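Here the structure comes first, spelled out in structure tokens, and everything after it is commentary.
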Amino acid sequence: MNIKHFLDQTFTESLSSLAGSDTPGIVKQAQRVEFGHYQANGVMGAAKKIKTNPRELAQQLISTLDPETFTTEVAGPGFINVHLRTSFIASELNKLREDALLGVVPVEQTKIVVDYSAPNLAKEMHVGHLRSTTIGDAIVRILEFLGQDVIRANHVGDWGAQFGSLLAYMDRQSQKGESLSTELKDLEKFYQAASALFKSDEEFAKTARGYVVHLQNGDPKCLELWQQFIDESIRHSQEVYEKFDITLTRDDIRAESAYNDDLPIVIQELGEMQGLLVESEGAKCVFFDEFKGKDDKPLPAIIQKSDGGYPYMATDLAAARYRTRVLNADKVLYVVGGEQLLHLRQVFAVAGAAGYIQDNQEFRHLPFGMVLKADGSRFKTRDGADVKLIDVLDEAINRAFALVSEKNPSLAESERQEIAKVVGIGAVKYAELSKNRTTDYIFDWDTMLSFEGNTAPYLQYAYTRIRSIFRRASVEALEGEIELVEEVEIRLGLKILQFPEAIESTLEDYQANVLCNYLYELSGVFNTFYEQCPVLALDNPTSRLLICELTSRVLKQGLSLLGITTVEQM
RNA sequence: GCCCUGGUAGCUCAGUUGGAUAGAGCAUCCGCCUCCUAAGCGGAGGGUCGCAGGUUCGACUCCUGCUCAGGGCGCCA
């Protein structure tokens, strides 16, 4: 059950009948403990609308309620403070024990494509991919938890001019007798070597350009080389996903090149739309009044370049078309950097005009900010030394290993390694997810790999504390009921019941940090409870054990929705 | 020049359809391990919410102007 919904409905109904028209109760979680558990803020606005005294209206409203579950009081200019009865909280908690979804109400199933991660296969994954990958994976997990039919779409870059120099370099190295798998072991170095050669060696550059043409014309030898490279690169990215505990698999890849055959069809279909596709300076473009470039000139969406080539606008249109027509998606979410805002707006606009997006289908861009270096400059993506994602993960695991070895030296090394993996990876993911998606952030090892305060290890640690209690409790089955006595028990109980509200507001704007925040608060309240309320010292610890169990279930579930795992001890 | 983001404590960031005294973490300082894991808990200091107007009973939140920072703006992705 969603308590906020329940209260909001109650107050909205009551207020609407008093005001004579639809009037929202505006129920929120109370911001201060002295204001109770929830507060209804709708009275002031309603009173103004019907020109009456807000406090009187509030009084009138609460007299219409017959609350078995909560008590109310009017406060300030016309707030209504809601105090849930302890018995109500306890009975809801007892119900929750049987609920696999922990109070979350499943939604009506729709098909949702989530486009995320999308590394460029020419290179190794670097910190720039952190955001899309982590955020996208969390969104996917949350949607699936709610029972949605989710399709992961890893729109990897595997086509284009840059592959010319890579293939040329591959060819050259293999002629030198170098083993290809050794060569490609470090994709990053390989890419840099190839692009350096492209810049410095005119002969090589010429060969490379030739390879681009051959590749596009479907030359078998070229395609074979390309395929080898792509396979190797995908192996690299899968390795990263596996280490990073990302749910993407090879099957989720639908690469840019997969749309090659669709590109002429897109041109043809756009051409059939009256007046949509126009030629400008030799390129096939779509113009909309809403898009203006420099000097107020109309800005084209270039679908086909003057040399006949297809820019990524075309591929993205083909992908949009595929997602609605073949996959039959109700919703498509693009977890793509904010700098693509204009591009995606154009994609959506053209796709809409072309009929690739119907009115009942929603396309939405979920932008995120850039990862910056400590000096505020951005990470390069074309060449230059980026921080490799795999290195970040390894460093995180190493630091976590050192820490767990210091804190808990008695654990076996294999166990410490397992813990280090879970804690290190969790820390990296949480550092990313707990921030607002849209703003840029500065990549800093120490901030990202911190294990204190509002971090994943804090949440994981709260979980292990609970597990530790159960290890010592040696109870088989918990028989009995939850009874709330101490103030912090009530606070913890209510927090547990607010899990559905956290999930709901997380999905309002697909902001994982809302869920992070909730779990952090839950852990915080639990830690207070842990200090103040001994469990095993009681003659009958059942109620507190049950509270602990529910807390651990919500923590584990919530973390797993973020893609973070838990351990029994750390 | 135009468009999009953002500016909140020394640092990193929360702040949910406008609500009561703007909150965390890190860092600093003070307390707490004969007691279920101290990766923890309790407490202290630290703010003209970029600036100026406006709307409102009420503005960090909405509107306008200004300012600063970043991004984007015809054949790279």
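Quantities reported herein were computed from a predicted structural model and do not represent experimental measurements.
For the residue pair Ile547(A) and Thr551(A), the shortest heavy atom distance occurs at O-OG1, 2.7 Å. Nearest approach of Val43(A) to Gly78(A), heavy atoms of both residues: CB-O, 3.5 Å. In terms of heavy-atom proximity, Pro54(A) sits nearest to Ala47(A) at CA-CB, 3.5 Å. Here the closest heavy-atom approach between residue Tyr458(A) and residue Gly524(A) is recorded as OH-CA, 3.2 Å. Considering all non-hydrogen atoms of both residues, Asn81(A) and Glu34(A) come closest at ND2-O, 4.5 Å. The two residues Gln569(A) and Ile419(A) come nearest to each other via the heavy atoms O-CD1, 3.1 Å.
Note on Phe451(A): a base of the nucleic acid sits closer than 4.0 angstrom, heavy atoms only. Within 4.0 Å of Met313(A), counting heavy atoms only, lies no atom of the nucleic acid at all. Note on Val404(A): a base of the nucleic acid sits closer than 4.0 angstrom, heavy atoms only. The residue Ala161(A) sits apart from the nucleic acid: no heavy atom pair falls under 4.0 Å. If you check every strand for non-hydrogen atoms under 4.0 Å, Lys435(A) touches sugar and phosphate atoms only. Note on Glu521(A): nothing from the nucleic acid sits closer than 4.0 angstrom, heavy atoms only. Within 4.0 Å of Glu256(A), counting heavy atoms only, lie sugar-phosphate atoms of the nucleic acid but no base atom. If you check every strand for non-hydrogen atoms under 4.0 Å, Asp296(A) touches nothing. Among the atoms of the strands shown, base atoms are found under 4.0 Å from some heavy atom of Glu281(A). Nucleic acid contact for Leu536(A): base, since at least one base atom lies under 4.0 Å from a heavy atom of the residue. Within the nucleic acid shown, Val525(A) has no heavy atom closer than 4.0 Å to any nucleic acid atom. Using a 4.0 Å heavy-atom criterion, one finds that Cys516(A) contacts no nucleic acid atom at all.
When Watson-Crick and G-U wobble pairs are counted only if both distances are under 3.5 Å, C2(B) pairs with G72(B). The partner of C36(B) is absent, by the rule that a Watson-Crick or G-U pair needs both atom distances under 3.5 Å. Base pairing analysis places G46(B) opposite nothing; no Watson-Crick or G-U wobble pair with both distances below 3.5 Å involves it. For C51(B), the paired nucleotide is G65(B), the pair qualifying as Watson-Crick or G-U wobble because both relevant distances are below 3.5 Å. Nucleotide U16(B) forms a pair with no other nucleotide shown, judged by Watson-Crick or G-U wobble geometry with both contacts under 3.5 Å.
Close to G1(B), at under 4.0 Å from its OP1 or OP2, lies no side-chain N or O of Lys294(A). The side chain of Gln39(A) places no N or O atom within less than 4.0 Å of a non-bridging phosphate oxygen (OP1 or OP2) of A20(B). In terms of phosphate contacts, Arg345(A) brings no side-chain nitrogen or oxygen within less than 4.0 Å of OP1 or OP2 of C4(B). Distances shown here put every side-chain N or O of Arg544(A) at or beyond 4.0 Å from the OP1 or OP2 atom of C36(B).
Rounded to whole Å, the distance from CZ on Phe35(A) to P on G23(B) is 10 Å. For the pair Phe163(A) CZ and C76(B) P, the computed distance is 17 Å after rounding to whole Å. Look at CZ on Phe291(A): it is 12 Å from C1' on C4(B), rounded to the nearest Å. Summarising the geometry, the separation between CG on Leu403(A) and P on A38(B) is reported as 14 Å, rounded to the nearest angstrom. Atoms CG (Asn527(A)) and C1' (A24(B)) sit 15 Å apart, rounded to a whole Å. As a whole-Å value, the separation of Asn41(A) CG from C57(B) P is 17 Å. One interatomic measurement links the two molecules: CG of Asp440(A) to C1' of G7(B), which rounds to 12 Å at whole-angstrom precision. Atom C1' of nucleotide A39(B) and atom CG of Asn408(A) are separated by 11 Å, given to the nearest angstrom.
Evaluation of atom-type donor-acceptor distances gives a pair under 3.5 Å for the side chain of Asn81(A) against the base of A20(B).
The side chain of Tyr520(A) has G25(B) as its nearest neighbour among G25(B), C4(B), C41(B). Considering only side-chain atoms of Pro300(A), the nucleotide from C41(B), A38(B), G74(B) that sits closest is G74(B). Counting only heavy atoms from C-beta on, Glu452(A) has its side chain closest to A39(B) among C41(B), A39(B), A77(B). For Thr439(A), taking side-chain heavy atoms from C-beta onward, the closest of the listed nucleotides G70(B), A77(B), A14(B) is A14(B). With C36(B), A38(B), G19(B) as the candidates, the nucleotide lying closest to the side chain of Lys28(A) is G19(B).
Residue side chain Tyr458(A) fails the stacking definition with respect to A39(B), as its ring centre and the base's six-membered ring centre are not both under 5.5 angstrom apart and under 30 degrees in plane angle. Judged by ring centres under 5.5 Å apart and planes tilted less than 30 degrees, Phe79(A) stacks against the six-membered base ring of A20(B).
The CD1 atom of Ile303(A) sits 6.0 Å away from the CE atom of Met313(A) when rounded to the nearest 0.5 Å.
Comparing U55(B) with C63(B), their P atoms sit 16 Å apart, to the nearest whole Å.
Of the residues in residues 301-311 of chain A, those placing a heavy atom less than 4.0 Å from an atom of RNA chain B are Ile302(A), Lys305(A), Ser306(A), Tyr310(A), Pro311(A), in numerical order.
With Tyr334(A) as reference, Phe348(A) is the one residue of Phe348(A), Tyr510(A), Phe368(A) to meet the ring pair (Phe, Tyr, Trp, His ring centres under 6.0 Å) rule.
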